[in-house]
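Beneath this line is the structure, given in structure tokens, with notes to follow.
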Amino acid sequence: MATGVEISPREAEVLELVGARLSNAEIAARLCISVRTVESHVSSLLRKLEVPDRRALAQRAPEPAGAGPSRRAAVLPTLLTSFVGRVSERAELIEMIKTHRQVTAVGPGGVGKTRLALTVAAEAAGEYSDGVWFVDLVPVTDPGMIATAVAGALGLGEQPGRDMTGSVVAALADRHALLVLDNCEHVVNGVALFLERLLATCPRVTVLATSRARLMVPFERVYQVPPLSLPVDGESDAVMLFMERAAAVGRPLDPPLRDQIAAICERLDGMALAIELAAARYPTLGLDGITAALSHPLRMLTGGSRADERHRSVRAALDWSHALLEPADRALLRRVSVFVAPFTASAAAEVAGGEEGLVAEGLARLAEQSLLVVTASPGGTQYRALETIRQYGTERLTEAGELADARSRHLRWCLAKATGLAEAGADWRARFDAVADDLRAALAWAADQSEQRAGAYRLARCLAGLTFVRHLTGESQQRYEQAAALADDPAATASMLRQAAAVAGCRMHGDDMHRLQRAAADAARRAGDTAGAARDLATAATNAYRFSGKFVRKLPQEEAIALITQARELAGDDPAAQAAVALAEAGVLYDAFGAAQGPPDNAVPETIARAGRAVELARRTGDPLAESAALDTLTGAQSWGGDTFAAADTARRRITLLSSTPDTPAGTHELVDALGMVTEASLGAGDVPGARRWARQLAEHPSLAEVGHLATYRLLMVEALAGNADEVLTGSVRFLDAWRRSGSPAQPGLSPAVAGVAMIHGLRGDQEAQGEWREVLDQLGTSPGRTHGYGSVFDAMLLLHHGQAAEALERMAPEPDQVWKWVTWIWLHWYVALRTEAAVLAGIPDAGDRLADARTIVAGNPVASAIVERAQALLDNDQERLLATADAFDAAGCRYQSARTLVLAGGDHADRGAAALTDLGLISMAPVAVAARSDGRAAT
């Protein structure tokens, strides 16, 4: 590895795994972070190491330290000062986390809980194969955001269909890890709820928490953190700490002064923070000055429990340390207490007031007195106050009557930062993460201040958009709903609720989407916007059918019809409202989407006509999202009508229409759906390269990075039909891991991919793996599609490979028009072509007639046409015509079918075909003989 290049510990981990030839998905699973985060680190490493590609990057990876599996490095904050003493406490706490799954280190502020927990975690890191993770809960102001804070530390995002807690729990379900939750006291209820779910689901995760009070959760074991040891016949941790910190500021102490230091430490009750504050004053006050300050009447301790006395010890140390500051530095300390995350001198100048240079000097003086901690960051020097000191500063703000003013300036600073973040850049995520906690804290304060309502609304709206782009979709929906509640104008409320509904759609929470769309309609009515209300009601009805798979409660048809009736009454002559109603009518009344609650049959010509009308009305509005939704309706209608090529063309029109759509919730929701539809429609038309291109674009879409099964299942369908075993096997690992981490949901839409993977294992001769994937298929549920659509196609391909033509024909016994809805979508041409080939190979008397009918149906589909042409060549024993289909399959991107053709051709061609199958990772085909035709000729 090149010297002089600064690589973070996380980047080093990623580099090592790249060197081990793991994929991004495998690295993400290994490190318990998102695929997006891995991609970000890989890009950073490519840039830092100045290498052109991943292969070159792998060559720069260090050699593993040993032959065995490496342990994960602890992801812990770096301590800028040494940890002193506490040998027995460390040993006791380490033993406790070995024995118990949840330990809470309890003690008053300033006793040293955080540093003890960090030291123990670092020492115990080798025991946890999946890592040690630290989560600072100081910036968390909402008990409902605990999981978001944990996810941020782990590098995770929210999985669609789950809340953030569910996403974190799924990611840690089989991990052996230690999670350190620091400063839990102000969000105890939220921590308790989070831990109950985590500990119940993740049996190998241990939690070490720090708090001023116990968490009161099952499995909790409390460790009372004592003060530092005071002199008793030997060494004293308290004295050692004072002497080391005094030496660190340039004034080492002579051993003869230990008795005087011990007296100071006893006055401070061995409280670590109080001792550090006193030691920081030693260069200016000396030991006599510190002793005199601690002897002030205000410092006399009277009454109360020992814990309270210790708390007052820290408070008193803060009091006299604060009193010794210059007035300007006192003001600066209390004003920067509004920051909950590390801040820069520039930020402090804006919020606290003053010239940046002077503020920077003041911050440096505060840091010298141990009242602020200095941290290094890529953006420059940052400062932060320990939580005890921050709370002290907030109290001083209140006493000075400056709290509202300081928080108002902080709110304005946050609004400016949030607005600036709207412009994406290379370091956008890092810039957002650096200020996100302050944005949340400012919003939490402003939302409760009537005079700040307008600012709170603006910040909630900005934060909703930012968290959506950051893929914190659960929080994004929450912030849009919060903005809706803060808006003074019902029209703005309606707008925010529509955005929230779109985010709910991206999260696959259909019921939330429906609730929010109807709430938007109510707000629009209050605003006097009846046309807007009509659009919302019609959209609510449409989406209940269009995205029925995202709903827990399927909207009954009578409710959907009632919504359409209301929308029709409110629409008037508004073009957008009329377009929305037309779309709902086509989707609900005429079942263009084939929804689960739709009618069992429908008149295809009428459905197509209604969908076409919806497209035309939507196009006139000039709204690309409305037109895309209408085109989706038309795609479905055309597919039910068996017009495969028209459906593919319409699906491609959607992609073109959405190519320049902004990255908004509604735009993202529409684009992800469009990519899925164009993949399947292209596959149905035999455009394998196109389907693969769209499927890869979908798999790489950032919004699906946390849900590998939803990201990859369509790509698995494509590669399975093409017979590309290596791609299927690689993709299936990510699919299965993500599906299981998501709780193994019974989502029938995933079934075609699972059936395809099972078929590939069958083509490889791996019956055990095939059986495992068929078990997964059973867990996804049975459906007519499995019986007559994708299931029959994949089963027939496998049966034909093994020479079981009669069985394949029996599997596809129904005529297409008998099971039209289940084979018409993308499966029609594949069903017809494979059914025809099976008829020829099985020697069915009317095979010739079937060939003629099939040729008409699949004309224009390069793959299905080649299958039909191959069947004709086999029937006619036309070797030249047969071999020509191999070239057609190669051109169409179906190497498996090309190899199969060569095997069917026999002789030397069969040897070439068998070799091609081996290259694909598949076993050789069974010998095939074509039954004699009625005219006496036979094909072999």
Side-chain angles (χ1 to χ4, degrees), residues 495 498-499 501-502 505 517 520-521 524 529-547 563-564 567-568 570-595 602 604-641 643-682 685 694:
S495 176
R498 290 170 190 138
Q499 295 277 42
Q517 284 166 337
D529 181 12
T530 56
R535 292 196 305 273
D536 293 324
L537 292 170
T539 300
T542 298
N543 287 349
Y545 276 57
R546 186 182 176 202
F547 303 113
L563 290 174
I564 295 173
R568 196 183 292 123
L570 294 171
D573 57 0
D574 182 82
Q578 290 179 344
V581 170
L583 175 59
E585 290 173 341
V588 175
L589 304 182
Y590 296 91
D591 196 34
F593 301 116
N602 57 314
V604 172
E606 182 69 12
T607 303
I608 292 175
R610 288 284 182 166
R613 178 174 178 269
V615 171
E616 178 57 28
L617 291 176
R619 186 187 59 77
R620 294 177 190 172
T621 69
D623 180 355
L625 299 184
E627 186 175 353
S628 173
L631 287 171
D632 187 31
T633 310
L634 182 58
T635 302
Q638 289 167 333
S639 71
W640 300 142
D643 197 343
T644 303
F645 301 112
D649 287 341
T650 303
R652 286 190 290 269
R653 282 173 60 190
R654 286 184 72 192
I655 297 297
T656 301
L657 185 68
L658 297 171
S659 59
S660 58
T661 300
D663 191 17
T664 62
T668 298
H669 191 211
E670 195 66 32
L671 178 60
V672 168
D673 179 73
L675 286 170
M677 294 296 286
V678 75
T679 296
E680 297 188 12
S682 297
W694 301 124

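Just the heavy atoms: all of them, side chains too, but no hydrogens, waters or symmetry mates, feed the values below.
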Fill in: Heavy-atom closest contact (Ala584 atom, Ala538 atom, distance)
CB-O, 3.7 Å

Worksheet item: Do side-chain atoms of Gln578 reach the backbone of Gly572 as a donor and acceptor pair under 3.5 angstrom?
Response: yes

Discussion item. Return the CD1 to CG distance between Ile564 and Leu583, rounded to the nearest 0.5 Å.
Written reply: 9.5 Å

Worksheet item: Does Ser628 use its side chain to pair, donor to acceptor, with the backbone of Pro624 at less than 3.5 Å?
Response: no

Worksheet item: Within the side chain of Thr633, is there an N or O that forms a donor-acceptor pair under 3.5 Å with the backbone of Ala629?
Response: yes

Discussion item. Would the distance check show the side chain of Thr650 and the main-chain N or O of Leu631 forming a donor-acceptor pair, the cut-off being under 3.5 Å?
Written reply: no

Worksheet, complete the sentence: Here the gap from Thr542 atom OG1 to Glu585 atom CD, rounded to the nearest 0.5 Å, amounts to 9.5 Å

Worksheet item: Does Ile608 reach the side chain of Trp640, with side-chain heavy atoms less than 4.5 Å apart?
Response: no

Practice prompt. Decide yes or no on side-chain contact (heavy atoms from CB on, under 4.5 Å) for Asp574 and Arg535, but give the supporting numbers first.
Written response: CA-CA 10 Å; Asp574 182 82; Arg535 292 196 305 273; 3.8 Å; yes

Worksheet item: Tell me the salt bridge (charged side-chain N to carboxylate O under 4.0 Å, His left out) pairs involving residues 655-680, sequence neighbours left out?
Response: Arg546-Glu670, Arg546-Asp673, Arg654-Glu670, Arg654-Asp673, Glu680-Arg714

Worksheet entry | Ala630 to Val615 - nearest heavy-atom pair and separation | O-CG2, 3.4 Å

Practice prompt. Tell me, with the steps shown, if Glu627 and Asp623 meet side-chain contact (heavy atoms from CB on, under 4.5 Å).
Written response: CA-CA 6 Å; Glu627 186 175 353; Asp623 180 355; over 6 Å; no

Please tabulate, one pair per line, all N/O donor-acceptor pairs under 3.5 Å involving side-chain atoms of residues 655-662, not counting sequence neighbours.
| from | atom 1 | to | atom 2 | distance (Å) |
| --- | --- | --- | --- | --- |
| Thr656 | OG1 | Arg652 | O | 3.3 |
| Ser659 | OG | Thr656 | O | 2.9 |
| Thr661 | OG1 | Leu658 | O | 3.1 |

Item to complete: Flag the pair Arg619 and Glu616 as a salt bridge only when some basic side-chain nitrogen lies within less than 4.0 angstrom of an acidic carboxylate oxygen.
Response: yes

Discussion item. Can a donor-acceptor pair be found, under 3.5 Å and without considering hydrogens, that links the side chain of Ser639 to the backbone of Gly636?
Written reply: yes

Fill in: Over all atoms of both residues, closest heavy-atom pair of Gly641 and Val604
CA-CG1, 3.3 Å

Worksheet, complete the sentence: Correct closest heavy-atom pair for Pro665 and Gln499 would be CD-OE1, 3.8 Å

Discussion item. Quick check: closest heavy atoms across Ala626 and Thr621, and the distance to 0.1 Å?
Written reply: CB-OG1, 4.3 Å

Discussion item. If I compare all heavy atoms of Asp632 with all of Phe593, which pair ends up nearest, and what's the gap?
Written reply: OD2-CE2, 3.7 Å

Worksheet item: Do other residues, nucleotides or ligands put more than 12 heavy atoms under 6.0 Å from the CZ atom of Arg568?
Response: yes

Worksheet entry | Any residue meeting salt bridge (Lys or Arg N to Asp or Glu O under 4.0 Å) with Arg498, in chain and number order, not counting sequence neighbours | Asp536

